[in-house]
Engineer: 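The structure under discussion is supplied below as structure tokens; questions concerning it will follow.
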Amino acid sequence: MHQLHGRLLHVVLRDLAKTYGPICHLKLGQISFVSVTSSEVAKEVLKTQELRFAQREKIKIFEMTSFDHSGMVFAPYGESWRKTRKICVMELFSPDRIRHFRSLREMEISGLVESVNRTAGLPFNLSKMIFACSNSIISKASFGSQCKRQEELLLAIKEQLRIAGQVSLPVIFPSLQFLYHLDGTKSKMSRFQTLYDDILGSIIADSRIRAKSRDHSSSYKENLADVLLMLQESPETGFSLRDNTIKDIILEMINGGTDTASSAVEWALSEILKNPDVMKKAQTELRDALKGKTILEESDLEKIKYLKLIIKESFRLHPPVSVFGRVVREDCSVHGYDIPKDSLIAINSWSLGRDPNYWENPEKFFPERFLGSSIDLVGNHFEFLPFGSGRRVCPGAGFALASMELMLANLMYYFDWKLANGLSPEELDMAELSGLITKRLNPLLVVATPHQPTA
Ligand code: HEM
């Protein structure tokens with residue numbers, strides 16, 4: 001426990017693995033905790049014995065604001081999880097739905113370009129702008145633009161994510177839950193739940209009014225809230241979608257998509273700024289291929305290859321979810337070690353991506369390493385797991401990647417970049433902030449110079 005104090009979990013677990021091996025059992029307070037740091041053990045957990053590990057740990061801080069204890073992220077593996085996941089995969093994350101949100105992404109990202117233009121060559125906080133743009137895309141896809149208190153909602157969600165990422169006493173001693181009452185966490189979460197209830201309640205009410213005013217034969221599916229309300233009315237849905245279930249699902253989508261997607265863009269830009277040759281190559285490819293275009297559209301990116309390699313390489317060094325957790329559903333044995341039921345299994349995606357056993361010169365940012373490689377982003381290679389793997393793999397990967405590519409392409413195409421305050425690329429710090437999502441500790445402060453597209 002003392003080793004965790006003030007240190008990053010993924011680094012502590014990687015260091016322990018150097019002494020104790022790729023599977024390591026720790027007793028963290030009352031929790032049986034198993035750390036996994038090799039691709040062979042990860043494959044056994046996520047593929048060979050997948051069903052035994054297809055459950056996620058419940059996080060008390062999220063349970064406190066749940067309306068129905070429904071949803072997908074923390075649902076036990078079973079029928080209810082399967083049905084909710086099927087709805088989300090079909091209605092929010094299918095290739096068709098991802099295409100449907102194309103104009104939303106293009107609009108929000110052109111707003112980002114305008115904001116950068118307005119900085120007029122002065123230093124500014126790029127991290128803040130990326131977070132605002134990314135969060136706007138995910139919240140508008142979830143419930144449209146009718147939310148008047150969006151800022152308040154996102155602040156509460158960010159604070160909740162921050163608290164949920166802390167390894168505090170009641171986390172490792174579940175019998176000490178009363179500490180949440182004493183330190184004010186419980187009352188803070190109650191306030192957040194009231195806020196979520198007000199905001200999501202009025203989003204659902206508005207969406208219902210808009211649905212009533214439309215022709216009944218039309219299937220209007222502008223955003224996730226519209227879709228869920230339509231399914232609520234449909235006899236074919238096959239399970240009960242109460243308003244509270246809908247609130248839980250929407251909240252989970254915003255939780256899952258807030259911070260993850262934006263920190264992925266932030267890390268990729270940090271590496272681009274730190275590696276001027278990579279920036280030059282990315283800009284040359286974009287500017288040559290899209291010669292003279294004044295408005296970038298998503299379809300333009302089909303021919304762009306190098307940016308995709310940059311994205312993969314950035315996920316290798318900086319997976320936003322550095323460590324993801326599963327819970328074992330029955331006593332079993334992995335890699336020759338007995339693991340008791342209910343143990344928490346932590347897969348260290350960060351250390352896998354930097355392991356010299358799998359990667360040559362692992363600390364070097366070298367996008368070309370993925371050229372011609374079959375290694376994908378969705379968990380078929382167990383040394384590279386930015387979105388997890390198997391039945392519980394991140395369903396939002398396609399959605400996040402579409403925004404990420406378009407955002408990076410726009411920023412590289414329209415602007416030349418340097419670090420603020422005369423900092424050289426080598427001086428840019430890459431320190432990480434500990435939490436559920438691994439973000440930059442310090443914001444990216446930059447100066448942008450507009451580049452005129454020439455035909
Ligand atoms: C760069 C962006 C993202 C990263 C790196 C990321 C990463 C992850 C990881 C590592 C997991 C655990 C997978 C496993 O256990 O195998 C996960 C699960 C999940 N993610 Fe993402 N995610 C991202 C974006 C999103 C977005 C945009 C959404 C929703 C809009 C989302 C929704 C979810 C949900 C609902 C789950 C739980 C799935 C389940 O348990 O069935 N994620 N994500």
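Order of appearance sets the numbers: ligands from 1, and atoms from 1 within every ligand. Basis for what follows: all heavy atoms, side chains included, without hydrogens, waters or symmetry-related copies.
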Engineer: Parallel, tilted or perpendicular: which describes the rings of F101 and F399, with under 30° parallel and over 60° perpendicular?
Structural biologist: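 Perpendicular: the ring planes of F101 and F399 meet at over 60°.
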
Engineer: Could you identify the single nearest non-hydrogen protein atom to atom 13 (C) of ligand 1 and state the distance to 0.1 Å?
Structural biologist: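 Answer, as residue, atom name and distance: R392 O, 3.2 Å.
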
Engineer: Please identify which of these residues, L126, L419, N125, meets the side-chain contact (heavy atoms from CB on, under 4.5 Å) condition with L445.
Structural biologist: N125

Engineer: How far is atom 24 (C) of ligand 1 from its nearest protein heavy atom, and which residue and atom name does that atom have?
Structural biologist: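 That would be T260 OG1, 3.5 Å.
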
Engineer: Any luck finding a side-chain donor-acceptor pair between H25 and S32 under 3.5 Å?
Structural biologist: yes

Engineer: Between M407 and I109, which heavy-atom pair has the shortest distance, and what is it?
Structural biologist: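 M407 and I109 have their closest heavy atoms at N-CD1, 3.7 Å.
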
Engineer: List the closest protein heavy-atom neighbour of atom 27 (C) of ligand 1: residue, atom name, distance to the nearest 0.1 Å.
Structural biologist: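 Protein heavy atom at minimum distance: G257 CA, 3.5 Å.
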
Engineer: Compute the minimum heavy-atom distance from F74 to ligand 1 and say whether it is under 4.0 Å.
Structural biologist: no

Engineer: Should the proximity of R391 to ligand 1, defined as any heavy atom under 4.0 Å, be assigned to the side chain, the backbone, both, or neither?
Structural biologist: neither

Engineer: Just by distance, no angles: are the side chains of E271 and S314 close enough, under 3.5 Å, to form a donor-acceptor pair?
Structural biologist: no

Engineer: Out of F399, Y77, F93, indicate the one that has the non-hydrogen atom closest to atom 29 (C) of ligand 1.
Structural biologist: F93

Engineer: Where on E252 is there a heavy atom closer than 4.0 Å to ligand 1, on the side chain, on the backbone, on both, or on neither?
Structural biologist: neither

Engineer: Give a yes-or-no answer on whether the side chains of R440 and S270 include a donor-acceptor pair shorter than 3.5 Å.
Structural biologist: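 S270 and R440 do have a side-chain donor-acceptor pair below 3.5 Å.
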
Engineer: Tell me, please, whether F67 has K247 positioned over its six-membered ring: NZ or CZ under 6.0 Å from the ring centre and within 45 degrees of its axis?
Structural biologist: yes

Engineer: Using a strict 4.0 Å cut-off to heavy atoms of P320, name the atoms of ligand 1 that fall inside it.
Structural biologist: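 Within the 4.0 Å cut-off of P320, ligand 1 contributes 5 (C).
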
Engineer: Quick one: look up the protein heavy atom nearest atom 16 (O) of ligand 1 and list residue, atom name and how far away it is.
Structural biologist: R326 NH2, 2.7 Å

Engineer: Go through the side-chain N and O atoms of D355 and N357 and say whether any donor and acceptor fall under 3.5 Å apart.
Structural biologist: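 Checked: D355/N357 side chains pair up, N/O donor to acceptor below 3.5 Å.
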
Engineer: Could you find the nearest protein heavy atom to atom 5 (C) of ligand 1 and give me its residue, atom name and distance?
Structural biologist: P386 O, 3.5 Å

Engineer: Flag the pair F370 / W359 as yes when their ring centroid distance falls below 6.0 Å, and as no otherwise.
Structural biologist: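 Here the rings of W359 and F370 have centres that are less than 6.0 Å from each other.
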
Engineer: Mark yes or no: R82 above the aromatic ring of Y77, with NZ or CZ under 6.0 Å from the six-membered ring centre and no more than 45 degrees from the axis.
Structural biologist: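 Judged by the rule (NZ or CZ under 6.0 Å from the ring centre, within 45° of its axis), R82 counts as positioned above Y77.
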
Engineer: With respect to atom 37 (C) of ligand 1, which of R82, R56, Q55 exhibits the smallest heavy-atom separation?
Structural biologist: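 Nearest heavy atom to atom 37 (C) of ligand 1 lies in R56.
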
Engineer: With heavy-atom distances below 4.0 Å as the criterion, list the atoms of ligand 1 near M253.
Structural biologist: 29 (C), 30 (C), 35 (C)

Engineer: Checking a contact table here: which protein heavy atom is nearest atom 6 (C) of ligand 1, and how many Å away?
Structural biologist: F387 CD2, 3.7 Å

Engineer: Determine the minimum heavy-atom distance between K158 and T258, stating which atoms define it.
Structural biologist: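 That closest heavy-atom pairing would be CG-CG2, 4.4 Å.
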
Engineer: Tell me which one of L301, V265, I130 satisfies side-chain contact (heavy atoms from CB on, under 4.5 Å) with L408.
Structural biologist: V265

Engineer: Could you say whether the N/O atoms of R85 and ligand 1 ever approach to under 3.5 Å?
Structural biologist: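 It does: an N or O of R85 is found under 3.5 Å from an N or O of ligand 1.
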
Engineer: How does V73 reach ligand 1, if at all, at less than 4.0 Å between non-hydrogen atoms: by side chain, backbone, both, or neither?
Structural biologist: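 Near ligand 1, V73 shows its backbone as well as its side chain.
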
Engineer: What is the closest protein heavy atom to atom 30 (C) of ligand 1, and at what distance does it sit?
Structural biologist: I138 CD1, 3.1 Å

Engineer: Does ligand 1 have a heavy atom under 4.0 Å from the side chain of I254, from its backbone, from both, or from neither?
Structural biologist: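 It is neither part, as no heavy atom is under 4.0 Å.
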
Engineer: Quick one: do the D243 and Q232 side chains pair a donor with an acceptor below 3.5 Å?
Structural biologist: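 There is such a pair between these side chains.
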
Engineer: Which of the atoms in ligand 1, numbered in the order shown and given with their element, are less than 4.0 Å from a heavy-atom of F315?
Structural biologist: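 Reading through ligand 1 atom by atom, the close ones are 1 (C).
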
Engineer: Looking only at distance, does S389 have an N or O less than 3.5 Å from an N or O of ligand 1?
Structural biologist: yes

Engineer: If the cut-off is 4.0 Å to any non-hydrogen atom of F324, which atoms of ligand 1 fall inside it?
Structural biologist: 10 (C), 14 (C), 15 (O), 16 (O)

Engineer: Give the single entry among P395, G256, S262 that approaches atom 19 (C) of ligand 1 most closely by any heavy atom.
Structural biologist: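 Nearest heavy atom to atom 19 (C) of ligand 1 lies in P395.
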
Engineer: List ligand 1 atoms under 4.0 Å from G388, heavy atoms only on the residue side.
Structural biologist: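 What qualifies from ligand 1 is 10 (C), 13 (C), 14 (C), 16 (O).
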
Engineer: Between A156 and L195, which heavy-atom pair has the shortest distance, and what is it?
Structural biologist: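 It is CB-CD2, 3.7 Å.
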
Engineer: For ligand 1, is there an atom lying under 4.0 Å from some heavy atom of M404?
Structural biologist: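 The answer is no, since M404 has no heavy atom less than 4.0 Å from ligand 1.
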
Engineer: What do you reckon, is CD of E360 surrounded by more than 12 foreign heavy atoms closer than 6.0 Å?
Structural biologist: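 Counting neighbours around CD of E360, 12 or fewer heavy atoms of other residues, nucleotides or ligands fall under 6.0 Å, so no.
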
Engineer: Nearest protein heavy atom to atom 43 (N) of ligand 1, by residue and atom, and its distance?
Structural biologist: C394 CB, 3.1 Å

Engineer: Under 4.0 Å, heavy atoms only, figure out whether ligand 1 is touched by the backbone of S142, its side chain, both or neither.
Structural biologist: neither

Engineer: At a 4.0 Å cut-off, with the gap strictly under it, does some heavy atom of M72 reach an atom of ligand 1?
Structural biologist: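 M72: in contact with ligand 1 (<4.0 Å).
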
